[in-house]
Q: 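Input: one structure, supplied below.
Every number for a ligand or one of its atoms is a count from 1 in the order of the listing. The shown structure was predicted, so the numbers you read here are calculated from the model rather than taken from an experiment.
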Amino acid sequence: MLPKAHGGILVDRVLNGEERERARGEAARLPRLEVSNEIAREVMNIATGVLSPLDGFMGREDFEAVVSTGRLANGLPWTIPIVLDVAEARMAGLGDEAALSYRGEPFARLAIREVYTYDREAFARGVFGTADSRHPGVARVLALKDRLVAGPVRVFQLLESAFPKYHLRPLDTRVLFEKKGWRTVVGFQTRNVPHLGHEYVQKTALTFVDGIFINPVIGLKKTGDFKDEVILAAHEALLQNYYLKERAVMAILETEMRYGGPREAIFHAIVRKNLGCSHFVIGRDHAGIGTFYPPYAAQEIFDRYPDLGIVPLFFTAFFACKRCGGVVNEKTCPHGAEDRLDFSGTKFRNAILQGGAEADQLVRPEVVGAVRRFKDPFIGE
Ligand SMILES: [Zn+2]
């Protein structure tokens, strides 16, 4: 049996048929609140159940409980506030309901239940463990507008996915997993082109469950990262050549990276539970950035969530070892640094772009081929 959605019920706030047309018509008369791409994507995630049990943006009670305890006010594990920030000046024109619009097109209704002030620094410290504005997640929190607006959403126009072919809602993934006869599924989060180390982790995890769900995060990333379409093509090449079709599924998750380390690891696990996963891979420094989090903090935090309802699978750092002849970790290889190659960003990048003697110990040739088909695989300035 696949796990139930977080909190027990898979949220569905997408309107259909007559209801949809009525909502669309009524929305035309509501005050409009234009939102960013990131917020619009989050509304899609709420409405399609990716963020179950949330049915909208958090009110003060849940927000404060999440920030200070890592749980909703009712005690359910939840670690990242899902909030809608609005400038104080903008609030005057909004009544008890608004139409959310993206690029000028209304797509959802928001029932405004609560408007509240909050402490940005406490928000940052609670979630990220720091208020240092060099942390990109903290910087975004410090730049939020004055007020948070809470209430349930109803979507009457789903926004086009950046990659429709790879966009699956929790309802879709759950049907797909069941059709394949999977009762246990491990979720694998990624935001990179896959190297042999990733494949080693994926296949080690897959050994113990029925299927693997490769789930790249698509959205806001940093200059110099691989582009989303490159990451997808590279994973596709790996799947085609090195996985059984009946054992692996890939779909995207459209959300922003918060770089929240341990807190975000719990959040990522909850999202995958909603998508139907029974297990979730947590590697070294999951969702971390720079040296803000100790390397295994994102694993240790799971001790505080025995009631999460998804099993974390912890992996240590891995290397390619020339003497062992493959990918190893500290527990499986007795050799020293002189025999090992790490998968550092620069080394991996060079292996892909320039090849060289060590390249085939780091990355599959089909993956290299897939990346090289793009004229410019990286995100520019
Ligand atoms: Zn070795």
Q: Within less than 2.8 Å of the Zn ion (ligand 1), how many protein N/O/S atoms are there?
A: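 The number of such protein atoms is 4.
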Q: Kindly indicate whether a cation-pi arrangement holds for Arg113 with Phe57, taking the cut-offs as under 6.0 Å to the six-membered ring centre and within 45° of the axis.
A: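 That pair does not qualify as a cation-pi contact.
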Q: Classify the side-chain pair Asn329/Tyr200 by whether it contains a donor and acceptor separated by less than 3.5 Å.
A: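 On atom types as modelled, these side chains qualify, holding a pair under 3.5 Å.
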Q: Going by ring-ring contact (aromatic ring centres under 6.0 Å, His included), His286 matches just one of Tyr259, Phe267, Phe280, Tyr296. Which one?
A: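 So, applying the ring-ring contact (aromatic ring centres under 6.0 Å, His included) to His286 and each of Tyr259, Phe267, Phe280, Tyr296, only Phe280 qualifies.
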Q: For Ile9, does the CD1 atom sit with more than 12 other heavy atoms under 6.0 Å from it, leaving out its own atoms?
A: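 For Ile9, atom CD1 is not crowded (no more than 12 foreign heavy atoms under 6.0 Å).
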Q: Run through Ile39, Val155, Leu30, Val153 and flag the one making a side-chain contact (heavy atoms from CB on, under 4.5 Å) with Leu100.
A: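 So, applying the side-chain contact (heavy atoms from CB on, under 4.5 Å) to Leu100 and each of Ile39, Val155, Leu30, Val153, only Val153 qualifies.
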Q: Between Asn241 and Arg364, is any side-chain donor less than 3.5 angstrom from a side-chain acceptor?
A: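 The answer is no; no qualifying pair exists.
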